[in-house]
Peer 1: 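My structure is below; once you've seen it, I'll send some questions.
Treat the numbers as computed from the prediction; the structure is a model and nothing was measured. Indexing begins at 1, ligand by ligand and atom by atom, following the structure's order.
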Amino acid sequence: MGELAGVAIGMTVVTRFAPSPTGRLHAGNVYTAVLNWLFARSRGGRFLLRLDDTDRARSTEAFAQGIRDDLAWLGLAPDVEVRQSDRFDRYDAALARLEAAGRVYRCYESAEELELKRKVQLSRGLPPVYDRAALALTESDRVRLEADGHRPHWRFRLDTGAAVAWDDLIRGPCHVDPASLSDPVVRRADGGYLYMLPSVVDDIELGVTHVLRGEDHVTNSGVQLQMFEALGAPPPALGHFGLLTSAEGELSKRLGASGVDALRDSGIEPLAVVALMAHLGTSEPASPTASLTELAAGFDLAKHGRAHPRFDPAELAHLNARLVHGLPFAAVADRLPAGMTEAAWLALRPNLSTVAEAANWWPVIIGPVSAETDPADRDYLAAARAALADLPFGPDVWSGLVERLKAETGRKGKPLFLPLRRALTGRDHGPEMAALLPLIGRDAALERLSA
Ligand code: GLU
């Protein structure tokens with residue numbers, strides 16, 4: 001059987017998006033969701049939502065619902081949702097197995113003792129790595145400590161013999177030296193699980209084949225690869241992409257203002273968000289796309305590099321406008337002002353940055369409009385009215401009107417067009433008059449020219 005990106009051909013690709021429900025989604029984690037969704041869909045695979053809610057104090061149902069709503073709005077609804085808080089028995093079982101195998105051990109140091117150890121190491125110029133003192137405890141030491149009211153926390157014993165290496169889907173050959181790391185705490189004295197082990201247990205049991213996440217997890221990957229091995233499971237393929245930066249260059253974790261809810265409220269189309277994110281980190285510019293299916297078909301992880309892509313809200317707004325210019329009536333009809341026709345939408349959309357702006361232009365078509373006419377244009381507008389009254393009012397009425405007025409008055413350019421636009425729409429700029437005039441209609445146009 002052949003190998004493709006670390007996975008045997010024929011195996012169903014499974015990716016997951018694993019946010020903690022401790023806040024709304026921001027640009028950084030939307031990027032993670034988009035890459036995982038597109039990768040899964042481009043391979044005919046499955047995309048899971050895993051709510052990392054082991055931190056019971058900070059996780060809320062409202063944030064979990066916010067994440068679901070944001071994904072649904074983006075069109076990235078998961079095939080399956082799991083919550084870590086439903087799976088503590090699975091983590092207990094894995095912990096027990098690892099403890100029996102000597103890969104997890106109980107520790108009793110208080111936070112103050114650990115802090116003191118670190119200070120001493122640092123003052124001696126040593127790396128502040130946990131000294132594994134608890135490994136020397138005997139069973140009777142542990143019984144005595146627990147009888148004295150000390151509650152254990154659990155650490156995973158790293159194998160420090162050799163570097164952990166993997167071929168990263170994005171970064172290429174990677175390695176992490178476990179000797180430079182403290183044995184990670186996997187369960188706290190209050191019984192709560194920390195992120196590291198539950199994530200591995202879930203990835204194994206949910207059949208995750210590809211883990212795509214930010215480069216802030218590279219060191220975690222070194223640790224977690226040892227956990228997969230200790231649990232006797234083949235690891236997923238790993239890909240770590242560069243974290244998003246903002247236009248000012250700070251890292252994505254602080255891009256709080258660009259929450260999905262804020263994007264939605266400002267009139268950004270979900271497809272624009274996904275289309276932009278799909279291209280961030282590649283050398284290809286994002287372009288308006290017809291559908292998520294089309295994006296998935298063109299998605300290739302190999303185009304993503306390790307650079308830190310810049311998320312620029314102005315670029316998103318620009319892409320959004322280009323997307324809106326191509327949206328068919330059927331895609332927007334339920335968001336348009338009551339009564340707006342397909343012809344009106346097609347006339348207006350080239351001038352819109354958001355669909356909602358159609359409402360600002362609708363009065364230009366249905367009226368009433370109020371226009372300030374320059375007294376110097378009165379005769380010109382009277383001539384326009386007479387010409388229009390005389391012309392057949394068909395789809396080409398605007399060009400007929402302009403040709404007639406050019407010949408009659410000798411005007412051209414701005415003096416020819418602007419007084420007409422002002423009188424007919426009440427504005428100096430806007431959609432093509434050739435498209436607007438037939439929509440305004442003969443009677444309303446004649447009335448506006450004589451007002
Ligand atoms: N909850 C973790 C995070 O948001 C998940 C990391 C992972 O993808 O494994 O950072």
Side-chain angles (χ1 to χ4, degrees), residues 6 13-40 45-60 63-64 66-68 70-71 76 78 80-88 90-91 94 156 164 166 168-171 174 176 184-188 192-228 231 233 235-244 251-256 259-260 277 301 304:
V13 164
V14 180
T15 65
R16 85 297 197 275
F17 172 50
S20 293
T22 54
R24 290 298 290 253
L25 298 184
H26 55 69
N29 40 37
V30 170
Y31 186 49
T32 307
V34 166
L35 295 187
N36 279 285
W37 189 92
L38 286 173
F39 184 78
R46 300 186 333 128
F47 169 73
L48 317 182
L49 171 62
R50 185 183 85 198
L51 293 168
D52 282 6
D53 59 351
T54 55
D55 183 344
R56 303 304 286 150
R58 291 176 58 231
S59 302
T60 70
F63 284 132
I67 289 169
R68 286 181 204 113
D70 288 346
L71 288 179
L76 311 179
V80 176
E81 175 188 313
V82 294
R83 319 177 59 114
Q84 292 196 317
S85 57
D86 288 338
R87 296 178 45 79
F88 288 131
R90 311 303 309 159
Y91 312 145
F156 178 75
V164 183
W166 71 95
D168 196 274
L169 296 172
I170 294 168
R171 300 165 71 86
C174 280
V176 167
V185 175
V186 289
R187 192 181 191 189
R188 292 191 308 249
Y193 282 94
L194 290 156
Y195 152 76
M196 207 72 91
L197 180 63
S199 179
V200 170
V201 172
D202 293 340
D203 286 342
I204 295 171
E205 296 188 3
L206 302 172
V208 170
T209 60
H210 292 73
V211 169
L212 306 177
R213 58 190 179 186
E215 64 184 4
D216 50 336
H217 285 288
V218 165
T219 305
N220 289 345
S221 286
V223 170
Q224 290 179 323
L225 284 170
Q226 288 204 352
M227 292 179 172
F228 281 102
L231 289 167
L238 299 167
H240 297 86
F241 46 81
L243 297 181
L244 292 193
L251 288 181
S252 65
K253 300 240 150 156
R254 277 170 280 159
L255 279 174
V260 175
M277 296 277 181
L301 197 61
H304 288 258

Peer 1: Under the ring-ring contact (aromatic ring centres under 6.0 Å, His included) test, which residues partner Phe241, sequence neighbours left out?
Peer 2: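 Partners of Phe241 by the ring-ring contact (aromatic ring centres under 6.0 Å, His included) criterion, ordered by chain and then number, come out as Tyr31.
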Peer 1: Can you list the atoms of ligand 1 that are under 4.0 Å from a heavy atom of Ser199?
Peer 2: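 This gives 9 (O) as the contact atoms.
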Peer 1: Are there over 12 heavy-atom neighbours, none belonging to Arg24, within less than 6.0 Å of that residue's CZ?
Peer 2: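 Result for CZ/Arg24: enclosed.
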Peer 1: Among all residues two or more places apart in sequence or in another chain, which pass the ring-ring contact (aromatic ring centres under 6.0 Å, His included) test with Tyr195?
Peer 2: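 In terms of ring-ring contact (aromatic ring centres under 6.0 Å, His included), with neighbours along the sequence ignored, Tyr195 is linked to His217.
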Peer 1: So if I apply the ring pair (Phe, Tyr, Trp, His ring centres under 6.0 Å) rule between His210 and each of Phe17, Trp37, Phe39, which one comes out positive?
Peer 2: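 Considering Phe17, Trp37, Phe39, a ring pair (Phe, Tyr, Trp, His ring centres under 6.0 Å) with His210 is found only for Phe39.
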Peer 1: Do any heavy atoms of Gln224 fall under 4.0 Å from ligand 1?
Peer 2: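 No; Gln224 lies far enough from ligand 1 that no heavy-atom distance drops under 4.0 Å.
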Peer 1: Which of the numbered atoms in ligand 1 are below 4.0 angstrom from a heavy atom of Arg213?
Peer 2: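 Contacts of ligand 1 toward Arg213, numbered from 1: 7 (C), 8 (O), 9 (O).
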Peer 1: So if I count the atoms of ligand 1 from 1 in the order they appear, which ones are less than 4.0 Å from some heavy atom of Asp52?
Peer 2: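 Contacts of ligand 1 toward Asp52, numbered from 1: 1 (N), 2 (C), 5 (C).
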Peer 1: Any idea which atoms of ligand 1 are less than 4.0 Å away from a heavy-atom of His217?
Peer 2: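 Under 4.0 Å from His217, ligand 1 has these atoms: 3 (C), 6 (C), 10 (O).
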Peer 1: Please check: side-chain N/O of Asn29 versus main-chain N/O of Leu25, any donor-acceptor pairing under 3.5 Å?
Peer 2: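 Judged by distance alone, no pair lies under 3.5 Å.
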Peer 1: Could you walk me through whether Arg213 and Arg16 pass the side-chain contact (heavy atoms from CB on, under 4.5 Å) check?
Peer 2: CA-CA 10 Å; Arg213 58 190 179 186; Arg16 85 297 197 275; 3.9 Å; yes
Peer 1: Between Ala18 and ligand 1, does any nitrogen or oxygen pair lie at a separation below 3.5 Å?
Peer 2: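 Between Ala18 and ligand 1 (N or O atoms, distance only) the closest approach is under 3.5 Å.
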Peer 1: Which ligand 1 atoms are under 4.0 Å away from a heavy-atom of Arg16?
Peer 2: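 Every atom of ligand 1 under 4.0 Å from some heavy atom of Arg16: 7 (C), 8 (O), 9 (O).
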